[in-house]
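Here's the structure, in structure tokens; my notes come after.
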2 protein chains.
Amino acid sequence: MAEQTLRQFLQSAPIGSAFGGDDGDVDFLDTLPRFYSPSAVISRQGDTNSRIFIVASGWASIARHLPNGNRQIIDTPLKGDVLGMPSSDGGSINSLVAVSEVSVFEVPGLPFAKALDHHPALGALFASMIARQHSIAAERLTSVCRRSALERTAHFLLELGERLSAGGTSTQLGYDCPLTQHDLADVLGLTQIHVNRTLRELREREMVSFRSGSVEFINRQKMTRLAGFDKGYLQYNLLNAPKKSGIQKLPHTSTRQTIL
Amino acid sequence: MAEQTLRQFLQSAPIGSAFGGDDGDVDFLDTLPRFYSPSAVISRQGDTNSRIFIVASGWASIARHLPNGNRQIIDTPLKGDVLGMPSSDGGSINSLVAVSEVSVFEVPGLPFAKALDHHPALGALFASMIARQHSIAAERLTSVCRRSALERTAHFLLELGERLSAGGTSTQLGYDCPLTQHDLADVLGLTQIHVNRTLRELREREMVSFRSGSVEFINRQKMTRLAGFDKGYLQYNLLNAPKKSGIQKLPHTSTRQTIL
DNA sequence: CGAGCATTTGACACGTTTCAATCTCTGTGG
DNA sequence: CCACAGAGATTGAAACGTGTCAAATGCTCG
């Protein structure tokens, strides 16, 4: 897999935007991603220079750190996920850290804001992408509030599988996952110890096995039922994709749609 | 307060966008909000016609309903909050319900998508607004995962105060809140019964009183400390606001910035 | 071979839920 | 004008899920 420019990346899977063809004057579209090693800090809570990030490959995590030393992982951005919105006088409120080897496109805030003025489709594209991130957060909120540790963990592992398969790094059988049990705990609002117990139970109940960096589905259907998982909230739903009508082809997916 | 068109609304507080001045061809900008009575369903989970909503006044709630009958309130949109993104083949994933008397601007999806093509600032504006909603959701996720019932409840009441004051319906002393304890529970991931106990404790500890639809701050500083509340995540952070430079005036607020 | 980190397991504590009942208010019809 | 119904709020007691504390195991890398 050769390196892609941001322009090419936005046009290919999983985003598949029509944008970028005739916008030769937008410099940052022709940049290549930057690479980070595991646990490298891509953007620190409090950083002042604003950038927008688009994950090209690998796993990252965005976390909010609390005064008491706890952290909450808001999400684990994967291929095709956007994060960060330009800020002008302050810094980012979240920390972005590499989990595995990651490559990310970094777009500086000011050029981005300038490009928006002349390229309508760019704003629409980003609005859609951010709306998708928001939909993911809303589902996680639901999970954390109304599902048990077991359901919640199953739900998250299914979500990851779904999101990864859009980028081609997951199959029906499973995927590689560089998250530690501690990371999982910080995503799911549990303790590492309880995550451990929960993963054991999921294994004993013959739904998934997650050991040594590898998630293997055993009975995906049973798991989906337990978790109440419906991938509808994960759809990429580009505003500007269909230039013609309201009828838009989506690649072999469910009926539900991503909304706010 | 006379009725405003969407155009006027976007230009005034709390959003204060520069957008709309010379876009006479965008019809929906000159529409008036629509009114709903308490508990009226504005948009149902599963609805097919896509619209974007912008709350002009009053309280609403967006909720995701689970198969088991539970609901999770993702947020309680207030004056200036946007929700919904056009979908093309499916329906909204969330239900939008009026809590108090609400007025909302409703923009049909297709005209909106069309307008985006010709008005760069529109996409940027919406991207910013959605990013703010996302930031609110991220903070709630943090709250729900890492703060106790007491801290979480205090945090939410402070957040509401802050958000309302941007729209002028809250003071340092308190505000009117039409949410029931049951609603609060569905926001905070608690049971109604525990919300009741928690509110009592906040009253006994002399931080806030929330009785018969009225929130009264007793010791806001103590409360802010308990909750670990920092309003940074609530800023409106418009991409397209400052036409000139990176230095943007924000009205008497903290240093932190809203990010994804 | 030992250091350090991730995982695993057990026992116990605690916060929150669940179940059950009572109470208060508000609006409504007799 | 009072009785009543229904929704929301309040309180108590017991059950349960998850956190906390403590310790051992396994793995990887120098």
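In the text below, chain A, chain B and the rest are named by the order of the sequence lines, each starting its count at 1.
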With a 4.0 Å cut-off on heavy atoms, is A/S212 in touch with a base, just the backbone sugar-phosphate, or nothing at all? nothing
Just by distance, with hydrogens left out, do A/Y175 and A/E216 show a side-chain donor and acceptor under 3.5 Å apart? no
Reading DNA chain D 5' to 3', which nucleotide is the first, and which the last, to come under 4.0 Å of any heavy atom in chain B? D/dA9 to D/dA13
Shortest non-hydrogen contact between B/E151 and B/R146, atoms and distance: OE1-O, 4.3 Å
Of B/V97, B/N94, B/D186, which is the lone residue that meets side-chain contact (heavy atoms from CB on, under 4.5 Å) with B/R71? B/D186
Distance in angstrom units between A/L202 CG and C/dT7 P, rounded: 15 Å
d(CG, B/N196; C1', C/dT24) in whole Å: 13 Å
Nearest non-hydrogen partners of B/V41 and B/Y36, listed with the distance: O-CE2, 4.4 Å
Take atom CD of B/Q221 as the centre, draw a 6.0 Å sphere, and report whether it contains more than 12 heavy atoms from other residues, nucleotides or ligands. no
When rounded to whole Å, the CZ to C1' distance for the pair B/R147 and C/dT16 reads 19 Å
On DNA chain D, check which nucleotide each of B/R211 and A/G189 is closest to and give me the residue with the more 5' one. B/R211
Test: B/R132 cationic atom under 6.0 Å from B/Y236 six-membered ring centre, within 45° of axis: yes
Rounded to whole Å, how long is the line connecting atom NE2 of B/H182 with atom C1' of C/dT17? 14 Å
Taking the side chain as every heavy atom from C-beta outward, state whether B/L190 and B/T153 have any pair of such atoms under 4.5 Å apart. yes
Are any of A/Q181's side-chain N or O atoms less than 4.0 Å away from OP1 or OP2 of C/dT8? yes
Strictly under 3.5 Å: I want the nitrogen or oxygen pairs between protein and nucleotides 18-22 of chain C, one per line.
from: C/dT18; atom 1: O4; to: B/R197; atom 2: NH2; distance (Å): 3.0

side-chain hydrogen bond (donor to acceptor under 3.5 Å, both in side chains) for B/Q181 and B/N196? Distances and angles first, verdict last. CA-CA 7 Å; B/Q181 293 185 353; B/N196 181 288; 3.1 Å; yes
Step by step, work out the side chain to side chain contact (heavy atoms under 4.5 Å, CB included) result for B/I54 and B/F9. CA-CA 10 Å; B/I54 300 139; B/F9 183 78; 3.7 Å; yes
Contacts of A/T180 and A/R146 projected onto DNA chain C by closest heavy atom; the upstream (5') one is A/T180
